[in-house]
Amino acid sequence: MAHFRKSLYREVLDKLRTEIIELPEGTKLPPIDELCEKLRVSRTIVREVLVALEREGLIVRKQGLGTFVIKNEAFVHTGIEYLRGLFNIISSSGRAPSFLMNECEKLFANREIAKHLNLEPNAQIAVAKQLYAADGIPVLYAETFVAISRLPGYFEKFAGIFHANSEKILFDILEKEYGVSIKYAVAEIKTFLSDKKLSKLLEIPKGTPLVFLSQIHFDGDGIPWMYSEDYVNTSIFTLKLVRKRI
């Protein structure tokens, strides 16, 4: 029974994916009930297929609006309203994700970072410095500050877990190792001209425009656990956002 269900799910996923690729960008998909009737499958399978297609970056679902087709020929693309992790985003664009840099060190929070993480100044934090690549091409550099003073074992334990799981995203480390589940983030988007350091890391000319994305990541109780600063080369990595008229 389980094998049959998995086979049916794969069949529906392949069928919908093929149809969606042929549709123009912005096309609104039929409601779930209509898809169930058309495909002759349960609502559960249709929902699971839509989740998979959204992870692949082919559709975006907006509560109160519907499900829409996304078309983008960029090397890597994603909607910025979802917290999926960079490895998942790069994979769903058909590219091979990797780290060109993946380092972790102990710091003491300055006033700005302490404010973002609701910590006392000079509280112990960890910073992960990560350079993400798609098919070996650098696409994004991130510095993520983690409130390890709230975690058991502080930096020593966190660093051990971090280095032992060199390909895990920080979301997974916090959830699987500490039981901290990140539920949402508050983001601010700015433009930034690459300096000497970023130009070298991202292999771009100095002064190239980048998107600077700063985010505070919260658990379900509203506690901030991570503050990240991402520098995105949008000539390779395209960000999208679906907006609702009010």
Practice item. Can you see which heavy atom on Ala128 is nearest to which on Phe162, and at what distance? Key: CB-CE1, 3.9 Å
Exercise for review: Before giving the answer on side chain to side chain contact (heavy atoms under 4.5 Å, CB included), spell out for Phe158 and Cys104 the whole-Å C-alpha distance, their side-chain angles and the decisive distance to 0.1 Å.
Suggested key: CA-CA 9 Å; Phe158 180 84; Cys104 178; 3.8 Å; yes
Review point. Are Glu175 and Lys183 ion-paired here, with the side-chain N under 4.0 Å from a carboxylate O?
Key: no
Point to revise | Non-hydrogen side-chain atoms of Pro121 and Asn110 separated by less than 4.5 Å | key: no
Point to revise | Side chain Asp219, main chain Asp221, donor-acceptor under 3.5 Å | key: yes
Review point. Would you call Ile173 and Ile169 a side-chain contact if the rule is heavy atoms closer than 4.5 Å?
Key: no
Point to revise | Joint hydrophobic cluster, Leu35 plus Tyr9, side-chain heavy atoms closer than 4.5 Å | key: yes
Check your understanding: So, does Thr191 use its side chain to make a donor-acceptor pair with the main chain of Val211 at under 3.5 Å?
Key -> no
Exercise for review: Check salt bridge (charged side-chain N to carboxylate O under 4.0 Å, His left out) between Glu188 and all other residues, then give those that pass, not counting sequence neighbours.
Suggested key: Lys190
Exercise for review: Tell me, yes or no, whether the heavy-atom count around Lys206 atom NZ, taken from other residues, nucleotides or ligands under 6.0 Å, exceeds 12.
Suggested key: no
Review point. Between atom CG of Leu50 and atom CD1 of Ile45, what is the distance when rounded to the nearest 0.5 Å?
Key: 12.0 Å
Check your understanding: Do side-chain atoms of Ser199 reach the backbone of Asp195 as a donor and acceptor pair under 3.5 angstrom?
Key -> yes
Point to revise | Within one Ile-Leu-Val-Met-Phe-Trp-Tyr cluster: Leu213 and Val139, side-chain cutoff 4.5 Å | key: yes
Review point. Do Met101 and Tyr141 touch side chain to side chain, with heavy atoms closer than 4.5 Å?
Key: yes
Practice item. Mark yes or no for whether Thr208, through its side chain, and Ile204, through its backbone, hold a donor-acceptor pair below 3.5 Å. Key: no
Review point. Between Ile189 and Tyr231, is there a shared hydrophobic cluster once you connect ILVMFWY residues whose side-chain heavy atoms come closer than 4.5 Å?
Key: no
Point to revise | Ile182 side, atom CD1; Asp172 side, atom CG - distance, nearest 0.5 Å | key: 11.0 Å
Check your understanding: Looking at Ile21, Leu53, Ile20, which hits side chain to side chain contact (heavy atoms under 4.5 Å, CB included) with Val69?
Key -> Ile20
Review point. Any side-chain heavy atom of Gln124 sitting closer than 4.5 Å to one from Tyr154?
Key: yes
Review point. Closest heavy-atom contact between Pro224 and Ile216?
Key: CB-CG2, 3.7 Å
Review point. Are more than 12 heavy atoms from other residues, nucleotides or ligands located less than 6.0 Å from atom CZ of Phe218?
Key: yes
Review point. Would the number of heavy atoms belonging to other residues, nucleotides or ligands and lying under 6.0 Å from CD of Glu120 be above 12?
Key: no
Review point. Got a donor-acceptor contact below 3.5 angstrom from the Asn122 side chain to the Phe108 backbone?
Key: no
Review point. Would you say Met226 and Leu170 make side-chain contact, with heavy atoms under 4.5 Å?
Key: yes
Check your understanding: Would you find more than 12 non-hydrogen atoms of other residues, nucleotides or ligands less than 6.0 Å from Glu105 atom CD?
Key -> yes
Exercise for review: Under the salt bridge (charged side-chain N to carboxylate O under 4.0 Å, His left out) rule, collect the residues that match up with Lys176, sequence neighbours excluded.
Suggested key: none
Exercise for review: Mind checking the CG-CD1 spacing from Leu202 to Ile137? Nearest 0.5 Å is all I need.
Suggested key: 12.0 Å
Check your understanding: Where is the tightest heavy-atom contact between Cys36 and Val46, given as atom of each residue plus distance?
Key -> SG-CG2, 3.7 Å
**Study point:** Inter-residue atom distance Glu19.CD - Thr27.OG1, 0.5 Å rounding
**Key:** 12.0 Å
Check your understanding: Once the angle between the rings of Tyr132 and Phe99 is folded into 0 to 90°, is it parallel (under 30°), tilted (30 to 60°) or perpendicular (over 60°)?
Key -> tilted
Practice item. Verify side chain to side chain contact (heavy atoms under 4.5 Å, CB included) between Ile59 and Leu29, making sure each step is shown before the conclusion. Key: CA-CA 9 Å; Ile59 62 172; Leu29 297 187; 4.1 Å; yes
Practice item. Kindly say whether Pro205 contributes a backbone atom to a donor-acceptor pair with the side chain of Ser194 at under 3.5 angstrom? Key: yes
Review point. Heavy-atom distance under 4.5 Å between the side chains of Val180 and Arg150, does that happen here?
Key: no
Exercise for review: Fit a plane to each ring of Phe192 and Phe212, take the angle between them on a 0 to 90° scale, and name the class: parallel (under 30°), tilted (30 to 60°) or perpendicular (over 60°).
Suggested key: tilted
Point to revise | Glu143 side-chain N/O to Val127 backbone N/O, donor-acceptor pair under 3.5 Å | key: no
Review point. If you round to the nearest 0.5 Å, how far is CH2 of Trp225 from CG of Leu117?
Key: 10.0 Å
Point to revise | Least distance between heavy atoms, Ser228 atom then Thr144 atom | key: CB-OG1, 3.7 Å
Point to revise | Euclidean distance, Leu23 CG relative to Leu16 CG, rounded to 0.5 Å | key: 9.5 Å
Study note, to complete from the structure: Shortest non-hydrogen pair, Ala147 vs Ile125, comes out as CA-CG2, 4.5 Å
**Study point:** Cationic N near anionic O, under 4.0 Å, Glu11 to Lys15
**Key:** no
Review point. What about Leu201 and Leu193, same hydrophobic cluster or not, with Ile/Leu/Val/Met/Phe/Trp/Tyr joined at side-chain heavy-atom distances under 4.5 Å?
Key: no
Review point. Using the ring of each side chain (for Trp, its six-membered ring), is Tyr227 parallel, tilted or perpendicular to Phe145, with breaks at 30° and 60°?
Key: parallel
Point to revise | ILVMFWY cluster, Leu210 and Leu140 together (side-chain gap under 4.5 Å) | key: no
